[in-house]
Amino acid sequence: MRVGIVGAGVIGVSAAHALMRDGHEVTVFDREGIAAGASQGNAGAFAFSDIIPLATPGILRQAPKWLFDPLGPLAIRPGYALQILPWLIRFARASMPDRYAAARDAQAALMRFSSDALNHLLVAIRGTALIRREGQLQLYDTPGQLRASQPGWDERAAAGIRFETLTSHAAIAEIQPGISERFTNAVFTPDWINVTDPRAWVEFIAEDMMRHGVAYRREAVARLAPQGAGVRLETGAGAENFDRVVLAAGAQSGALLAPLGLRLPLETERGYNTTLPAGAFDLRTHVSFSSHGFVVSRIGDGVRVGGAVELGGLRLAPNMKRADALLAKAKSFLPGLDTTGGKRWMGFRPSMPDSLPVIGAAPGHPNLILAFGHGHLGLTQSAGTAEIVADLVAGRGTAIDLAPYRAGRFIRGRA
């Protein structure tokens with residue numbers, strides 16, 4: 001079967017590799033290059049323990065603070081607030097206790113499946129040299145914040161996630177020296193996994209798939225045209241027909257679906273970071289500062305400080321003061337951090353209001369497979385999404401129930 005894939009980020013490349021292993025003839029299209037978008041600038045974490053959706057019960061009580069704190073951990077750009085209102089209404093609905101619980105359970109199921117799928121992929125590409133198994137240290141400012149987080153950790157425990165609660169600075173320093181003494185409360189997740197470098201990871205998979213016959217074209221896809229038993233892809237170089245097409249263009253996916261009459265609530269979590277050169281800090285584990293919405297991770301021989309969520313769409317100019325604010329906080333929390341020589345970055349993370357990706361056939365177009373909307377969990381869920389896509393293309397049953405991820409959940413009459 002001829003399969004076209006739109007998007008050469010971690011989702012598209014992983015899907016291409018899975019389809020290649022299934023024996024399909026695969027061509028990948030991307031307008032900017034392999035791992036040119038959010039897939040290169042993330043924290044490099046396979047965050048399988050992050051099963052808690054962003055839309056938690058009670059989160060909307062904080063909404064006024066988001067609007068008035070442009071440098072906060074979850075901010076809405078004032079110039080974008082009206083435009084994002086329909087998404088926020090869906091976000092509010094997703095935070096209702098019953099919907100939250102359903103999304104959490106669906107997230108946990110996809111995380112378990114993706115963890116197993118990552119092991120399959122590591123064997124297929126012989127990629128263990130790109131993996132770091134150093135755990136994650138999640139820090140809390142006060143004992144009260146740790147207590148407030150306990151329900152979430154109870155939910156993780158129910159999902160089979162291992163963790164250890166730490167209540168002294170000495171216990172924290174044993175895992176990660178150099179953290180400010182103000183931190184005496186933390187949770188350590190020992191099974192947390194990172195890649196050595198997220199861009200290098202995607203490029204490694206891409207090189208392996210191309211060695212095995214997958215074609216890659218740096219071309220912008222202008223139009224998707226489902227027709228008969230297939231889908232026609234139109235680019236600046238012409239049109240080409242495929243039996244199946246996988247849309248994995250991240251935050252850009254909505255523009256290609258709109259002409260088909262499919263308007264999904266796809267937004268962007270605009271993420272900011274600064275990558276510091278080798279020697280910036282002796283980082284021994286992935287460190288998350290829970291109350292401040294950012295993480296510090298090893299990327300290659302350097303250190304990346306980034307995270308937070310800014311809801312501002314695709315067109316507003318970056319606010320690099322957010323990256324600077326995160327770096328300043330990191331310096332105060334890690335006094336030995338050398339913040340000189342850093343490179344700032346902003347990227348678009350495709351986000352759905354219920355924190356679940358869209359995976360499955362496009363409503364009304366069975367030969368067009370959708371695979372986007374993973375938010376800040378694209379790397380984490382990439383191998384699992386790829387195996388699901390391969391099952392869908394082959395017409396096989398899937399290992400997990402895809403109902404929570406269907407596009408029709410956002411389309412009236414298509415639930």
Side-chain angles (χ1 to χ4, degrees), residues 1 3 5 7-30 33-49 110-136 189-218 246 248 275 278 283-286 297-302 304 371 374 377-394 396 398-400:
M1 191 176 293
V3 183
I5 297 182
V10 68
I11 300 294
V13 167
S14 299
H17 201 283
L19 289 162
M20 173 272 295
R21 300 197 308 268
D22 253 9
H24 299 292
E25 180 185 342
V26 183
T27 303
V28 179
F29 298 83
D30 195 285
I34 293 170
S39 292
Q40 69 169 309
N42 59 69
F46 289 102
F48 297 124
S49 63
L110 185 55
M111 291 298 199
R112 288 190 295 269
F113 182 72
S114 296
S115 178
D116 291 339
L118 174 61
N119 292 329
H120 303 159
L121 180 59
L122 284 170
V123 172
I125 65 174
R126 300 179 181 179
T128 54
L130 281 75
I131 295 295
R132 289 172 172 154
R133 300 180 184 273
E134 299 170 340
Q136 181 224 194
T189 46
D191 299 326
W192 186 280
I193 303 171
N194 284 65
V195 290
T196 55
D197 183 304
R199 180 167 191 156
W201 172 256
V202 180
E203 290 174 342
F204 190 85
I205 300 171
E207 290 166 4
D208 192 72
M209 76 182 189
M210 287 188 280
R211 278 196 299 269
H212 290 87
V214 174
Y216 164 66
R217 298 182 190 172
R218 187 170 177 176
V246 179
T275 304
L283 194 65
R284 303 180 186 181
T285 185
H286 184 104
S297 60
R298 280 209 291 157
I299 303 295
D301 294 325
R304 180 165 291 167
H374 297 75
L377 297 170
L379 173 62
T380 302
Q381 297 173 342
S382 56
T385 300
E387 289 197 2
I388 291 170
V389 166
D391 288 338
L392 291 170
V393 169
R396 296 188 293 259
T398 55
I400 62 174

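On a predicted model such as this, the values are computed, not experimentally measured, just so you know. Excluded from the calculations below are hydrogen atoms, water molecules and symmetry mates; all remaining heavy atoms, backbone and side chain alike, are included.
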Grab the two heavy atoms, one from Arg21 and one from Leu121, that are nearest each other, plus how far apart they are.
NH1-CD1, 3.7 Å

Going by the angle between their ring planes, with limits at 30° and 60°, are Phe46 and Trp201 parallel, tilted or perpendicular?
perpendicular

Please report the interatomic distance OG(Ser114) to CG(Asn119), rounded to the nearest 0.5 Å.
11.0 Å

Decide yes or no on side chain to side chain contact (heavy atoms under 4.5 Å, CB included) for Val195 and Leu379, but give the supporting numbers first.
CA-CA 9 Å; Val195 290; Leu379 173 62; 4.0 Å; yes

Where the side chain of Thr380 meets the backbone of Ala45, is there a donor-acceptor pair that is under 3.5 Å apart?
yes

Contact check, side chains of Leu377 and Met111, non-hydrogen atoms, under 4.5 Å:
yes

Taking all heavy atoms of Gly33 and all of Asp30, pick out the closest pair and write down the distance.
N-OD1, 3.1 Å

Between Ile299 and Pro198, is any pair of side-chain heavy atoms under 4.5 Å apart?
yes

Grab the two heavy atoms, one from Val389 and one from Ala15, that are nearest each other, plus how far apart they are.
CG1-CB, 4.3 Å

Set of residues satisfying salt bridge (Lys or Arg N to Asp or Glu O under 4.0 Å) with respect to Arg217, sequence neighbours excluded
Glu240

With a 4.5 Å heavy-atom cut-off, do Ser14 and Thr385 have their side chains touching?
no

NE2/His17 to CD/Glu207 distance, rounded to the nearest 0.5 angstrom?
11.0 Å

Check for a donor-acceptor pair, side chain of Asp116 on one end and backbone N or O of Phe113 on the other, with a separation under 3.5 Å.
no

Strictly distance-based, threshold 3.5 Å: is any side-chain N or O of His212 a donor or acceptor partner for the main-chain N or O of Asp208?
yes

Tell me, with the steps shown, if Val26 and Met209 meet side chain to side chain contact (heavy atoms under 4.5 Å, CB included).
CA-CA 9 Å; Val26 183; Met209 76 182 189; over 6 Å; no

For Ala206 against Val13, the heavy-atom pair lying closest together
N-CG1, 3.7 Å

Give a yes-or-no answer on whether the side chains of Gln136 and Thr189 include a donor-acceptor pair shorter than 3.5 Å.
yes

Closest contact, heavy atoms only, Thr196 versus Arg132
O-NH1, 3.7 Å

I need the Thr128 OG1 to Ile125 CD1 distance, nearest 0.5 Å.
9.0 Å

Any chance you could measure Ile193, atom CD1, to Leu122, atom CG, to the nearest 0.5 Å?
8.0 Å

Arg211 atom CZ, neighbour heavy-atom count above 12 within 6.0 Å
yes

With rounding to the nearest 0.5 angstrom, report the CD to CZ distance, Gln40 to Arg199.
4.5 Å

Tell me, do Leu283 and Arg304 make a side-chain contact under 4.5 Å, heavy atoms counted?
no

Ile5 versus Val214: any side-chain heavy-atom pair under 4.5 Å?
no

Against Phe48, only a single residue in Leu118, Leu110, Asp191 fulfils side chain to side chain contact (heavy atoms under 4.5 Å, CB included); can you say which?
Leu118

With sequence neighbours left out, write down each residue that passes salt bridge (Lys or Arg N to Asp or Glu O under 4.0 Å) with Arg298, or none if nothing qualifies.
Glu134

Give, for atom CD1 of Ile11 and atom OG of Ser39, the distance between the pair rounded to the nearest 0.5 Å.
7.0 Å

Evaluate the side-chain proximity of Ile388 to Ile400: yes if any heavy-atom separation is below 4.5 Å, no if none is.
yes

Tell me the closest heavy-atom pair linking Gly135 and Thr285, and the distance in Å.
O-OG1, 2.7 Å

